[in-house]
Amino acid sequence: MIGYLRLELIRTARDGGYVIFGVAIPVIMYLIFTGLGLVPGDRRDAVIAVMVNMAAYGALGSAFTNASGLAEDRAAGWLRQLRLTPLLPRQVVAGKVAAGMAVTVPAIGAVLLTGALVDDVSLAAGRWLALVALLWAGAAPFALFGLANGYLLSGQATALANTAIMLGLSIIGGLWVPVGTFPGWLRAIAEWTPSYGYASLARQAAFGELPGLRELAVLLAWLAVFGLFAGYGYRRAGRTV
């Protein structure tokens, strides 16, 4: 299991798409949003909010990018080879999800480090730890969602679907534009999305607030839904390899 996880991490790290969409673009967007003064309100609070949002965006990009190569692996017979190993199906899925969550760490770290170095963001040690933990653990639903698409779609379709979903969730979840600026009907929809709950919990940690029960419940519900979706995708893929 450890060897399989190591292999997945090495393959992802060599993926140029991961470096660009998961690490570089979130940092660049953070610098644009904060450097051009595009965020209203108190400067310090606004910078922290943007930093958290862009770290969450980077984690989403990393998780979905990690899963995009799965369809190509399936077409190349890699999934068939894995079924010949001692690994159980749940271990294969768990290993891929673990890899998807692990590759979010550089993306999260790059944005948080940029905030600390460029804008002198300073938080208590406990807040930093809580923020990183929530950003990392909260990426699990998105890793599962991308994984399910990889099991069900072709290589090109998976890449397109994961990119579109990642961008859609980022926009409607308020990672680019505050949800408070949305029309009432769109805000009501946004508050039920996993990306909104994910970023909200992380922002609450950064500002030293207790986790919102609604946001936590929404994120856990989506975790269950995407987990079932990934399990279904794996079983269906097993019947076609």
Side-chain angles (χ1 to χ4, degrees), residues 21-65 101 104 107-108 110-112 114-115 119 121 123 127 130-146 161-223 225-226:
F21 291 103
V23 180
I25 289 182
V27 169
I28 293 171
M29 291 181 66
Y30 167 79
L31 293 173
I32 291 174
F33 285 147
T34 56
L36 296 181
L38 300 180
V39 183
D42 178 80
R43 167 69 183 177
R44 178 180 180 276
D45 289 351
V47 166
I48 293 175
V50 172
M51 180 185 72
V52 173
N53 286 355
M54 290 302 101
Y57 173 59
L60 258 69
S62 299
F64 277 109
T65 299
M101 294 179 66
T104 66
I108 294 168
V111 176
L112 299 187
T114 302
D119 290 301
V121 174
L123 302 176
R127 293 190 187 183
L131 174 59
V132 172
L134 278 169
L135 286 170
W136 174 75
F142 310 105
L144 284 166
F145 196 179
N162 281 349
T163 300
I165 292 169
M166 182 267 292
L167 292 175
L169 287 175
S170 298
I171 294 170
I172 198 172
L175 303 188
W176 290 6
V177 180
V179 170
T181 64
F182 290 1
W185 64 271
L186 185 57
R187 180 175 182 176
I189 294 173
E191 291 176 350
W192 291 100
T193 62
S195 48
Y196 174 82
Y198 175 47
S200 293
L201 288 170
R203 287 194 300 270
Q204 289 161 3
F207 288 111
E209 302 170 0
L210 293 175
L213 294 180
R214 175 178 174 175
E215 290 88 345
L216 183 59
V218 167
L219 191 61
L220 290 175
W222 282 111
L223 174 65
V225 170
F226 294 151

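Taken from OG in Ser195 to CH2 in Trp222, the straight-line distance is 9.5 Å, to the nearest 0.5 Å. Taking CG from Asn53 and CZ from Phe33, the interatomic distance works out to 9.0 Å, rounded to the nearest 0.5 Å. Separation of atoms OH (Tyr198) and CG (Leu135) is listed at 4.5 Å; rounding is to 0.5 Å. Residue Thr193 holds its OG1 atom at 12.0 Å from CD1 of Ile171, rounded to the nearest 0.5 Å. Trp136 CH2 to Ile108 CD1: the interatomic distance, rounded to the nearest 0.5 Å, is 9.5 Å. Separating the OG1 atom in Thr114 from the CD1 atom in Ile28 is a distance of 10.0 Å, to the nearest 0.5 Å.
A pairwise comparison of heavy atoms in Gly58 and Pro26 identifies CA-CG, 3.4 Å as the closest pair. Scanning all heavy atoms of the two residues, the minimum distance from Ser200 to Glu215 falls at CB-CG, 3.7 Å. Considering every non-hydrogen atom in both Leu31 and Thr34, the closest pair reads O-OG1, 3.5 Å. Contact record, Ala140 with Leu223: CB-CD1, 4.0 Å, taken as the closest heavy-atom pair. Looking at every heavy atom in both residues, Arg187 comes nearest to Phe182 through N-CB, 4.0 Å. Residues Ala199 and Leu175 approach most closely at CB-CD2, 3.2 Å, considering heavy atoms.
In this structure, the side chains of Leu112 and Met51 come closer than 4.5 Å at one or more pairs of heavy atoms. The closest side-chain heavy-atom distance from Tyr57 to Val111 is not below 4.5 Å. Looking only at side-chain heavy atoms (C-beta outward), Tyr196 and Leu219 stay at 4.5 Å or farther from each other. You'll find the side chain of Leu201 reaches within 4.5 Å of the side chain of Leu216, heavy atoms only.
Enclosure of atom CH2 in Trp176 by more than 12 non-hydrogen atoms of other residues, nucleotides or ligands within 6.0 angstrom is indicated.
Using a 30° and 60° split on the angle between ring planes, Phe226 and Phe145 fall in the parallel class, below 30°.
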**Message:** Set out, in order, the CA-CA distance, both residues' side-chain angles and the distance that settles side chain to side chain contact (heavy atoms under 4.5 Å, CB included) for Phe64 and Thr163, then state yes or no.
**Reply:** CA-CA 7 Å; Phe64 277 109; Thr163 300; over 6 Å; no
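Between the side chain of Thr104 and the backbone N or O of Met101 there is at least one donor-acceptor pair closer than 3.5 Å.
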